[in-house]
Visitor: 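Quick one: the structure is below, questions incoming.
These numbers come from a predicted model, not from an experiment.
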Amino acid sequence: MVLYDSATLGGSCSGSSSSSSSSKPPPLQQRQQTQQDIDGLLAGAGYRVRSSELQKVAQRLERLETAMVNSPADLSQLASDTIHYNPSDLASWVDSLLSEFIQPPTCPSEFIMDPETNQTVVSDGWTTAEPHMPQVHQNISYEQQSLNNQLTVDNQLTVVTAMEEDSGIRLVHMLMTCAECVQRGDFSLATSCLEDMQGLLTRVNTVCGIGKVAGHFIDALSRRIFQGIGGGSINGGSAYENEILYHHFYEACPYLKFAHFTANQAILEAFDGHDCVHVVDFNLMHGLQWPALIQALALRPGGPPLLRLTGIGPPSPDGRDSLREIGLRLAELARSVNVRFAFRGVAASRLEDVKPWMLQVNPKESVAVNSIMQLHRLLGSDLNRNSPIETVLSWIRSLNPKIMTVVEQEANHNQPGFLDRFTEALHYYSTMFDSLEACTVQPNKALAEIYIQREIANVVSCEGSARVERHEPLSKWRTRLSGAGFRPLHLGSNAYKQASMLLTLFSAEGYSVEENDGCLTLGWHSRPLIAASAWQAVSDGTADFPA
């Protein structure tokens, strides 16, 4: 633990498995629930097919593949005027293609020039010309030939796409089967599933879509099976490396921008009328959030207050004093806009290791506590000590903050059952990767995906204290924070307007901001992915601490 002041007022994974070692088959109700989960995933991806129908669809596709190989004609026969069924309805679509191949070959109409009348006539089939009746075939125009060729290519691509979609559906089914095997401890069958899925990955596009997502989940399952639960360095890399990935995730998509803008607006409103304010940031990370707040305070009517910022972050393994460097940059910015500023850095590997005395909060200060995707890391349990989340919430409340801003992933990745957690994660991160596809900042996007991949690895591969990505939905945070002595604060219309403007300026179409009982969520289409809320400590007489 390292403590220091900067700037001036002048301006390995380890853990125990929760998997059962029983190899008995799951009860009927559990199998039905698993099938319903798979059906939900397929429906969410736009496929009108049930998991119980996949075997029949696979058999039909094998018949189609055989028919295509053995067909005397090439794939150009698909360039007819026949209307095929929607490929999302796989069974009907494959049947329509099979009917094309099993029909007897028909002869195309020919345009023939009659030499005696000098007129064009139509022949419905190939005819054997008499020796004394010469026939002249009309030349097909270049445009018509190009159109025919394009139709042939388009239909060939349709067939290939359908087979790739089938492989994607089978990947989802096998991922769920593998996760179910892991939960009941059947690692032999799970290993076999992994091998089959690796083969299927060669038949799908792994650059985007389900192929990319499946690849990350296959890697995470492999790590859990072969390295053991919590084996290896799940969060991987140095603190500096993690900060770099965090920065690229910030730049590539609007999630962290939304978190910062929304929290800043709430803090700015809470500080209104106060001349000495103190922000405690649970995860400083380059200080990306605070230049906007400093500039907003500089423009405050009546002049800016004295701003103290305490930034918590991991120690630098290479000996660099990165927290101090960030503090100096922020101090220079504050000086340039005439905001009195003081910075204090607290280096700690875990948030639960921080004690309130380290923050040096003055009773005369108006305090704001800011947690951006950090509180979920405290939800692990340890029989040898008090619950980390209860300990931290207790000392936060002792600071009597004017406001506590909380932004968390809107997901339920803290369920005790592995299969439930895996299914929820597959839903959540499929949507997250879909939203990233709409982002145009390519260099940042590639590294942002690594940031998300590490989250997936921790959710799937780890248990016990090694599993820190324990995301919970807003409804559970409401219950927990209310029970810990906090009351919700309504994020006002200004925060909503700020978030909506942010999406207009920085994001692609498809992102949406929604208001939820005084909180704000940012999602992709109809699925919320992160949630922002604000809280205030209540007096001792009305606190309701959990037992």
Side-chain angles (χ1 to χ4, degrees), residues 4-11 246-247 250-251 254 256-313 322-346 359-372 399 401-407 489-506 520 532 534 536:
Y4 54 83
D5 288 301
S6 175
T8 64
L9 291 175
Y246 183 94
H247 178 78
Y250 175 90
E251 293 292 343
L256 290 176
K257 296 186 186 76
F258 165 83
H260 292 173
F261 273 69
T262 303
N264 281 353
Q265 182 61 37
I267 292 171
L268 186 65
E269 293 176 3
F271 282 168
D272 187 34
H274 295 268
D275 294 328
C276 186
V277 298
H278 186 173
V279 176
V280 179
D281 186 5
F282 279 177
N283 188 32
L284 188 60
M285 280 292 185
H286 290 288
L288 296 172
Q289 181 172 348
W290 305 118
L293 181 66
I294 292 172
Q295 292 171 337
L297 290 173
L299 299 175
R300 195 176 77 168
L306 163 65
L307 171 63
R308 291 187 61 207
L309 174 62
T310 297
I312 300 172
S322 57
L323 291 176
R324 182 174 183 275
E325 292 172 3
I326 295 168
L328 289 173
R329 289 198 297 269
L330 292 174
E332 183 61 31
L333 171 64
R335 187 178 300 113
S336 69
V337 294
N338 297 318
V339 173
R340 294 174 296 158
F341 178 82
F343 176 81
R344 178 175 178 80
V346 178
L359 311 177
Q360 296 186 357
V361 174
N362 190 316
K364 296 181 180 180
E365 298 172 334
S366 178
V367 178
V369 175
N370 182 69
S371 174
I372 305 297
L399 300 177
K402 189 75 175 175
I403 188 172
M404 176 174 68
T405 50
V406 176
V407 179
L489 294 177
H490 194 284
L491 291 174
S493 59
N494 287 335
Y496 181 86
K497 291 176 183 177
Q498 287 267 11
S500 300
M501 181 182 67
L502 171 73
L503 295 186
T504 302
L505 294 175
F506 298 108
L520 295 181
Q536 188 177 54

Visitor: Might you work through the side chain to side chain contact (heavy atoms under 4.5 Å, CB included) test for Val279 and Leu293, ending with a clear yes or no?
Guide: CA-CA 11 Å; Val279 176; Leu293 181 66; 4.3 Å; yes

Visitor: If you compare all heavy atoms of His278 against all heavy atoms of Thr310, which two are closest, and at what distance to 0.1 Å?
Guide: NE2-OG1, 2.8 Å

Visitor: If I compare all heavy atoms of Thr262 with all of Ala499, which pair ends up nearest, and what's the gap?
Guide: OG1-CB, 4.2 Å

Visitor: Give, for atom CD of Gln498 and atom CD of Gln265, the distance between the pair rounded to the nearest 0.5 Å.
Guide: 4.5 Å

Visitor: Could you tell me which non-hydrogen atom of Asn264 sits nearest to which non-hydrogen atom of Ala292, and how far apart they are?
Guide: ND2-CB, 3.9 Å

Visitor: Return the minimal non-hydrogen interatomic distance between Gly327 and Phe341, and the atom names on each side.
Guide: O-CE2, 4.0 Å

Visitor: Quick one about Asn370 and Gln289 (side-chain donor to acceptor, distance below 3.5 Å, no hydrogens or angles considered), yes or no?
Guide: yes

Visitor: Is any side-chain N of the basic residue among Arg335 and Glu332 closer than 4.0 Å to the acidic one's carboxylate O?
Guide: yes

Visitor: Show your working on side chain to side chain contact (heavy atoms under 4.5 Å, CB included) between Tyr496 and Leu491 and close with a plain yes or no.
Guide: CA-CA 8 Å; Tyr496 181 86; Leu491 291 174; over 6 Å; no

Visitor: Output the distance between atom NE2 (His490) and atom CG (Leu520), rounded to the nearest 0.5 Å.
Guide: 8.5 Å

Visitor: To the closest 0.5 Å, what do you measure between OG1 (Thr405) and CD1 (Ile372)?
Guide: 5.5 Å

Visitor: Kindly indicate whether the side chain of His274, heavy atoms from C-beta on, has any atom under 4.5 Å from the side chain of Pro305.
Guide: no

Visitor: Out of curiosity, Ser322 OG to Met285 CE, how far, rounded to the nearest 0.5 Å?
Guide: 9.5 Å

Visitor: With the side chain counted from C-beta on, respond yes when Asn338 and Pro304 share a heavy-atom pair under 4.5 Å apart, and no when they do not.
Guide: no

Visitor: Could you pull out the closest heavy-atom pair between Ile403 and Ala534, with the gap in Å?
Guide: CD1-CB, 3.9 Å

Visitor: Would you mind reporting whether Leu288 and Leu256 have side-chain heavy atoms less than 4.5 Å apart?
Guide: no

Visitor: Aromatic contact between His260 and Tyr250, with the criterion being ring centroids under 6.0 Å apart: yes or no?
Guide: yes

Visitor: To the nearest 0.5 Å, how far apart are CD in Glu251 and NZ in Lys257?
Guide: 5.5 Å

Visitor: Do Phe343 and Leu328 make a side-chain contact, defined as non-hydrogen atoms from C-beta onward lying under 4.5 Å apart?
Guide: no

Visitor: Is the shortest heavy-atom distance from the side chain of Val369 to the side chain of Phe282 under 4.5 Å?
Guide: yes

Visitor: Heavy atoms only: give me the nearest Leu333-Gln295 pair and the separation to one decimal.
Guide: CD1-NE2, 4.3 Å

Visitor: Does Arg344 use its side chain to pair, donor to acceptor, with the backbone of Gln360 at less than 3.5 Å?
Guide: no

Visitor: Rounded to the nearest 0.5 Å, how far apart are CE of Met501 and CG of Asn494?
Guide: 10.5 Å

Visitor: Are Trp290 and Asp281 side-chain neighbours, meaning at least one heavy-atom pair lies under 4.5 Å?
Guide: yes

Visitor: In sequence, state the C-alpha distance, the side-chain angles, and the governing distance for Leu268 and Leu297, and then conclude on side chain to side chain contact (heavy atoms under 4.5 Å, CB included).
Guide: CA-CA 7 Å; Leu268 186 65; Leu297 290 173; 3.6 Å; yes

Visitor: Would you indicate whether Lys402, at its atom NZ, is surrounded by more than 12 heavy atoms from other residues, nucleotides or ligands within a distance under 6.0 Å?
Guide: no

